[in-house]
Amino acid sequence: MTTRVLISFFCDDRPGVIEQLSALIDQHGGNWLDSQLSRLGGRFAGVLQAQLPEDQQQSLGDALGRLEADGIVCSLTDAGDAPEGSPATQRLTLLGPDRPGIVRELTRALRMAGFNIRSMETSVETAPMSGEPLFRAEASIELHSDSRLDELEWQLDAMAEKMTLEIDLIPD
């Protein structure tokens with residue numbers, strides 16, 4: 001019997017980290033499935049999904065814990081059941097002057113309108129002409145039977161006006 005697990009990690013950014021993680025998964029009869037990996041500041045972080053024999057989950061968790069001696073902090077958890085079906089999605093893009101509270105306000109609007117974030121990436125970059133810090137976000141959001149698109153559009157318009165942001169919502 002196999003199980004799916006999620007492994008999250010962070011460490012100093014250096015060559016060989018993914019090789020170490022993938023070797024441990026392989027040594028425990030596992031298969032690396034999905035992952036999101038990124039350098040953030042001077043650190044390297046990620047989350048990945050692996051499939052492995054159920055009787056290897058504890059052993060893999062113990063082996064991942066020993067990586068802390070090499071400066072790699074890991075955690076392992078059961079991946080849970082995949083949702084039935086695939087809900088419709090929309091792509092959301094946001095760009096504007098960086099300021100505290102953008103993610104909080106965006107996620108509040110999504111929750112209030114009944115939407116779920118499937119994935120989201122954010123970054124702060126420098127505006128070409130002014131050198132001003134710009135906040136950029138791209139997200140894939142799931143529409144469910146109780147999602148209210150009109151409510152979300154109203155919330156996003158208010159947020160865009162209040163925070164001088166450009167926000168677009170595009171059906172996938």
Side-chain angles (χ1 to χ4, degrees), residues 3-28 30-52 57 60-83 86-87 89-111 115-128 130-143 152 156 159-160 163 165-172:
T3 187
R4 290 177 184 240
V5 296
L6 296 178
I7 300 168
S8 60
F9 71 91
F10 69 92
C11 60
D12 288 336
D13 189 19
R14 65 178 189 272
V17 171
I18 300 306
E19 180 182 7
Q20 280 182 277
L21 291 170
S22 62
L24 282 179
I25 292 167
D26 186 56
Q27 289 167 12
H28 289 84
N31 184 29
W32 183 299
L33 300 173
D34 302 318
S35 62
Q36 297 284 322
L37 313 170
S38 184
R39 181 171 26 139
L40 298 168
R43 307 283 275 168
F44 188 61
V47 62
L48 65 100
Q49 181 178 209
Q51 185 172 0
L52 65 145
Q57 184 171 345
L60 176 59
D62 293 344
L64 291 169
R66 289 190 292 276
L67 289 177
E68 194 160 352
D70 290 336
I72 304 171
V73 178
C74 296
S75 69
L76 180 140
T77 189
D78 187 82
D81 295 327
S86 182
T89 60
Q90 297 235 346
R91 188 167 54 92
L92 183 141
T93 61
L94 179 149
L95 180 66
D98 183 38
R99 65 174 51 90
I102 294 174
V103 173
R104 183 190 71 241
E105 291 297 319
L106 175 61
T107 55
R108 182 180 154 278
L110 291 168
R111 180 189 51 81
F115 288 80
N116 190 42
I117 297 172
R118 177 178 281 180
S119 65
M120 183 167 82
E121 292 187 26
T122 64
S123 63
V124 175
E125 50 198 57
T126 304
S130 68
E132 170 186 33
L134 293 176
F135 183 81
R136 178 182 303 274
E138 291 189 24
S140 174
I141 59 173
E142 296 177 343
L143 289 76
L152 179 60
L156 294 177
M159 182 182 167
M163 301 180 103
L165 302 170
E166 181 182 314
I167 305 174
D168 293 310
L169 197 54
I170 305 147
D172 272 346

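Values below: every heavy atom of this structure, side chains too, minus hydrogens, waters and symmetry copies.
The closest side-chain heavy-atom distance from Ile25 to Leu52 is not below 4.5 Å. In this structure, Leu21 and Cys74 have side chains that are in contact, with non-hydrogen atoms separated by less than 4.5 Å. Looking at heavy atoms from C-beta onward, Leu92 lies out of side-chain contact with Ile117 at the 4.5 angstrom threshold. At a threshold of 4.5 Å between non-hydrogen side-chain atoms, the residues Phe10 and Leu40 do not count as touching. Contact annotation: the side chain of Thr122 never approaches that of Ile102 to less than 4.5 Å [non-hydrogen atoms, C-beta and beyond]. At least one side-chain heavy atom of Asp70 sits under 4.5 Å from a side-chain heavy atom of Arg14.
Legend: residues meeting side-chain hydrogen bond (donor to acceptor under 3.5 Å, both in side chains) with Thr3, ordered by chain and number and at least two apart, are Asp78. Residues passing the salt bridge (Lys or Arg N to Asp or Glu O under 4.0 Å) test with Asp98: none are found, sequence neighbours excluded. A search for side chain to side chain contact (heavy atoms under 4.5 Å, CB included) contacts involving Glu68 returns Val73, not counting sequence neighbours. Evaluation of the salt bridge (Lys or Arg N to Asp or Glu O under 4.0 Å) rule for Arg66 yields no partner, not counting sequence neighbours. Under the side-chain hydrogen bond (donor to acceptor under 3.5 Å, both in side chains) criterion, Thr77 pairs with no residue at all, not counting sequence neighbours. Taking Asp81 as the reference, nothing meets the side-chain hydrogen bond (donor to acceptor under 3.5 Å, both in side chains) condition, with sequence neighbours excluded. Partners of Ser130 by side chain to side chain contact (heavy atoms under 4.5 Å, CB included), not counting sequence neighbours, listed by chain and number: Ala127, Glu132. Listed by chain and residue number, nothing satisfies the side-chain hydrogen bond (donor to acceptor under 3.5 Å, both in side chains) test with Asn31 (two or more places apart in sequence, or in another chain). A search for salt bridge (Lys or Arg N to Asp or Glu O under 4.0 Å) contacts involving Glu125 returns Arg136, not counting sequence neighbours.
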Steps toward side-chain contact (heavy atoms from CB on, under 4.5 Å) verdict (Leu67, Leu24): CA-CA 10 Å; Leu67 289 177; Leu24 282 179; 3.6 Å; yes

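Rounding to the nearest 0.5 Å places CZ of Phe135 at 6.5 Å from CG of Leu94. Here the CD-CZ distance, from Glu142 to Arg118, works out to 4.5 Å after rounding to the nearest 0.5 Å. Note that CD of Gln36 is 13.5 Å distant from OG of Ser8, once rounded to the nearest 0.5 Å. Separation of atoms CD (Gln90) and OG (Ser140) is listed at 9.5 Å; rounding is to 0.5 Å.
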If you look only at distance, which donor and acceptor atoms sit under 3.5 Å apart when one is on a side chain in residues 165-172 and the other is two or more places apart or in another chain?
| from | atom 1 | to | atom 2 | distance (Å) |
| --- | --- | --- | --- | --- |
| Asp172 | OD2 | Thr89 | OG1 | 2.7 |

Which side-chain N or O atoms in residues 103-111 pair as donor and acceptor under 3.5 Å with protein atoms at least two apart or in another chain?
| from | atom 1 | to | atom 2 | distance (Å) |
| --- | --- | --- | --- | --- |
| Thr107 | OG1 | Val103 | O | 2.8 |
| Thr107 | OG1 | Arg104 | O | 3.2 |

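Pairing each heavy atom of Arg91 with each of Thr93, the nearest pair is NH1-CG2, 3.4 Å. Taking every heavy atom of both residues into account, Ser35 and Leu48 meet most closely at CB-CB, 3.7 Å. Shortest non-hydrogen contact noted between Gly101 and Met163 is C-CE, 4.0 Å. For the pair Leu134 and Pro97, the tightest heavy-atom approach, listed with the atom from each and the gap, is CD2-N, 4.0 Å.
Pairs of residues two or more places apart, or lying in two chains, that qualify as side chain to side chain donor-acceptor pair (under 3.5 Å) and include a residue from residues 37-50 are Asp12-Arg43, Asp13-Arg39, Asp34-Gln49.
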